[in-house]
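To keep things clear, I will list the structure first and then write my remarks on it.
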Amino acid sequence: MEAFADLLDRLVLTPSRNAKLKLLSDYFRDTPDPDRGYALAALTGALSLRGVKPAMLRALVAERVDPVLFGYSYDYVGDLAETIALVWPAKASPHPDPPPRGGREKGPSAEDFAGGSEKESGGLPPAGSGQGTPSLGAVVEALLAASRSEGPGLVERLLDSLDAPGRWALIKLVTGGLRIGVSARLAKQALADLGGKEIGEIEEVWHGLAPPYRPLFAWLEGRGARPEAAARAPFRPVMLAQPLEERDLGLVTPEAYAAEWKWDGIRVQAVNEAGTVRLYSRTGEDVAAAFPDLAAAIDIEGAIDGELLVGRAEGGRIVAGSFSELQQRLNRKSVTPKVAAAYPAFMRAYDVLVDGGEDVRALPFRDRRARLEALVARSLAGRIDLSPLVAFATVEDLAVLRGRPPEPIIEGLMLKRWDAPYEAGRPKGPWFKWKRDPHTVDAVLMYAQRGHGKRSSYYSDYTFGVWRPAEGGGEELVPVGKAYFGFTDAELAEIDRFVRKNTVNRFGPVREVVHTARDGLVLEVAFEGLQRSGRHRSGIAMRFPRIARLRWDKPPAEADRIAALEALIAG
Amino acid sequence: MMRPEDLLCPGPSGLYSPLGDFYVDPVRPVPRALVTHGHSDHARAGHQAVLATAETLKIMAVRYGADFAGATQAMPLGETIRIGEVAVTFQPAGHVLGSAQIVVEARGCRIVVSGDYKRRPDPTCASFHPVPCDVFITEATFGLPVFRHPSDAHEIGKLLASLEAFPERAHLVGAYPLGKAQRVIRLLRDAGYDRTIHIHGALEKLCRLYEKEGVALGPLAPATVETGRKAEFAGAVVVGPPSAFSDLWARRFPDPVPAFASGWMTIRQRAKQRGVELPLILSDHADWDELTATIAELGPAEVWVTHGREEALVRWCELAGIRARPLHLVGYEDEGEE
Ligand SMILES: [Zn+2]
């Protein structure tokens, strides 16, 4: 567990892709089976351990740590997994009683209380020495074998047997979210580096392999044959777009490029090979279990590329739902029939890689598009449609269309060269994405709340509002959103100073700051979209709001009116 | 017995002894100051008279110039002198070179001012000496149960492992210039690392002072990159003040690995926020277990907490049935010299 915990610790703080690859391939090279295989599974999301809820962990820690001390700790650290990993006190290993002193009461021994001692004062603890801590393989196999009722007891024993980094790694494993900045693709690249292979080769053998991947490592180390289990309905690495830049505008003519809407859904590759159906994410994860309704409707033979959306059939065609509807289906390993029926998934296809049994990736897009149209027309299940082409004469036409997409689920335009083959990776030139500008609004800071973790000493969570007509005449501010990022560290310090100097009211960790027509701070807030919401006083919910600029220059009276936001929803 | 507050009480300039008419670690100029150690939030320039260990006086002279106080007196560890009605003894605190706890006693009441302290062995200074007392005045820089510093050997091992994994990258180790920097260097030597270690200019005088005081640091060289010599820093260890690593100076090293030796590195967000890739949890302050075990060991009737995360340590004392209160002293860095 030690080596795995060290790896996670290092990865989470390493920004450079090359350094991450080095750390990963070193780990895979130096770590024995099955530990490295389970680590690979954890990193690629292929490990399904019985989920442990954060609430269970809190209950475990509450048995050992004074709630007040735990509260101070959590407030300071800001992250539950990390707090529990750090605060977890050993149960046994009694602290020797302090030497009694004449005339005074004996002092307490540390383990009588929260944060009891793991070691003697002044002595060097063996933390990190790794002696006697279970291996990753042993931990994973124990977790896999445990029944639901055995879960908490096992987790508690494991927490007792590990040091703080090991406990953190364990908690990340059992709560099912490593989130350490390593994609499955990066892990596969590290495997490719280890074995001197191309990443495409790794991706093509990947499906059909299972943790702890002994045959895969044997192949990479030249000790075994290439694993062939995944021959049927394999994943094919996807083609990605470059952002369109100013200087590329001259390239975009209707002769050279096709235009399509850019859908704000999930990129998927649907494959049906002689009845074997797979639904891959863009990194090659099979997500069919999360979208069984769509997987069951892949009734055309071949491999198509497109966007998974949520929507409903209307008058013989499919109408895409909003992003918030799509969200109901995201981040789930599986789905209940009820949710699947309420938010049916479909696929809006825009490319074809395999037509019937024929690999068409080398054909130009013009030909692939014709094949795709014919192929999609053969689907009877009603869950696949075509992403329409967008007609245009000049790039200026596109610029206008991009700013005014016909549906909220569109996030811009895609431009694809008519003569380009389907090429894995992100080649420069054949595909461009041209995203809609985010919306912005000038709003007035109303409340500020202390942040968590590194920001616990700053007021870093901001509630802002815009003007609306007040009941008794005049205007008042109504909160329309909350933002806690987008600013620089220097701006954070400025806002924090403003908050401290202009507080008019306090409610626990929240401060109300001055916000009159004359006095207050105007924030330029960028956001991705708006939705009607019954839960907000303004009736509006903002998607992905962030602070774009501080408008010290602007008096609050000149901030936006709610009508401007309502117009955005209507339009 | 008298009230402890008559012996030592908190005021705007720091802890003041009415019976002895002196201050401990005052934060503004006073006629007579007793100084626990050389960190700048405890040892300030401009007092009329300073009483401190000889090492602390030398550190203050290096930092502020020879005329940092009107008069100075070196206090040997373990000896007792009388100031007014108060018997004063300095005992080692194990924090940095020259650091001391200050024991004050009068009319049957004994108070120990720990200053900053730690309990684990440190090759660059004398170990903490426990003194039973009526009132223990403690720091609480790492006064939360999340702070449990791992062993020095483990943390230095992380640095050595990274040097092996990335032999082409310079490893820039941020460490406070007084105490931490020398301890990191010394720990590397004890772990068998014998290559030249490069140090930032801000460390030079203090490293020289440590060497003169008997702390051998091995081969050191200034960390200046001349044109065309960048490659020489491949795989080198460069130690400097943390503040230097965000400026141009640091960018001249080849693909540097930013490391930081500090107790704060326990918290991943802290490391992330500073752009640290290799956190080294090396602290010159007591961690939670050391803080609580020291109180348990000394068994004072009362605990006063000077600075840091006071509320948690006070809570622990409450649970242990020990009277405790925060002093809310101003002027000590929340972050300490970590
Ligand atoms: Zn200090």
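Residue numbering restarts at 1 for every chain, and letters A, B, ... go by the order of the sequence lines.
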**Study point:** Proximal component of B:V276, with respect to chain A [non-hydrogen, under 4.5 Å]
**Key:** backbone
Practice item. Taking all non-hydrogen atoms of both residues into account, name the closest pair between B:E277 and A:L13 and its distance. Key: CG-O, 3.2 Å
**Study point:** Enclosure of A:D30 CG (heavy-atom neighbours >12, cutoff 6.0 Å)
**Key:** yes
Exercise for review: Could you tell me which of A:T83, A:T14, A:V68 has the largest number of non-hydrogen atom pairs under 4.5 Å with chain B?
Suggested key: A:V68
**Study point:** Region of B:F147 that comes under 4.5 Å of a non-hydrogen atom in chain A
**Key:** side chain
Review point. Just one of B:T266, B:V146, B:I267 clears the side-chain contact (heavy atoms from CB on, under 4.5 Å) bar with A:E82, so which one?
Key: B:I267
Point to revise | Beyond-backbone contact of B:Q269 with A:D79, side-chain heavy atoms, under 4.5 angstrom | key: no
Study note, to complete from the structure: In this structure, CZ of B:R148 is separated from CG of A:D163 (nearest 0.5 Å) by 12.0 Å
Point to revise | Best-contacting candidate, B:K272, B:R169, B:K118, against chain A by heavy atom pairs under 4.5 angstrom | key: B:K272
Practice item. With chain B as the partner chain, list the residues of residues 18-25 of chain A whose heavy atoms fall under 4.5 Å from it, by residue number, and write 'none' if nothing qualifies. Key: A:A19, A:K22, A:L23
**Study point:** B:L313 CG to A:L69 CG distance, which is reported to the nearest 0.5 Å
**Key:** 9.5 Å
Review point. A:V12 and B:R268: which non-hydrogen atoms are nearest, and at how many Å?
Key: CG1-CD, 4.4 Å
Review point. Just wondering, more than 12 heavy atoms not from B:R323 lying within 6.0 Å of its CZ?
Key: no
Point to revise | Engaged part of B:S127 at the chain A interface, taking heavy atoms whose separation is under 4.5 Å | key: neither
Please tabulate, one pair per line, all N/O donor-acceptor pairs under 3.5 Å involving side-chain atoms of residues 157-165 of chain B, not counting sequence neighbours.
residue	atom	partner	partner atom	Å
B:K158	NZ	B:E155	OE1	2.9
B:K158	NZ	B:P279	O	2.9
B:S162	OG	A:R10	NH1	2.9
B:S162	OG	A:R10	NH2	3.2
B:S162	OG	B:H171	NE2	2.8

Exercise for review: Please round to the nearest 0.5 Å and tell me the distance separating atom CE of B:M265 and atom CG of A:D9.
Suggested key: 12.0 Å
Exercise for review: Give, for atom CZ of B:R309 and atom OH of A:Y72, the distance between the pair rounded to the nearest 0.5 Å.
Suggested key: 12.5 Å
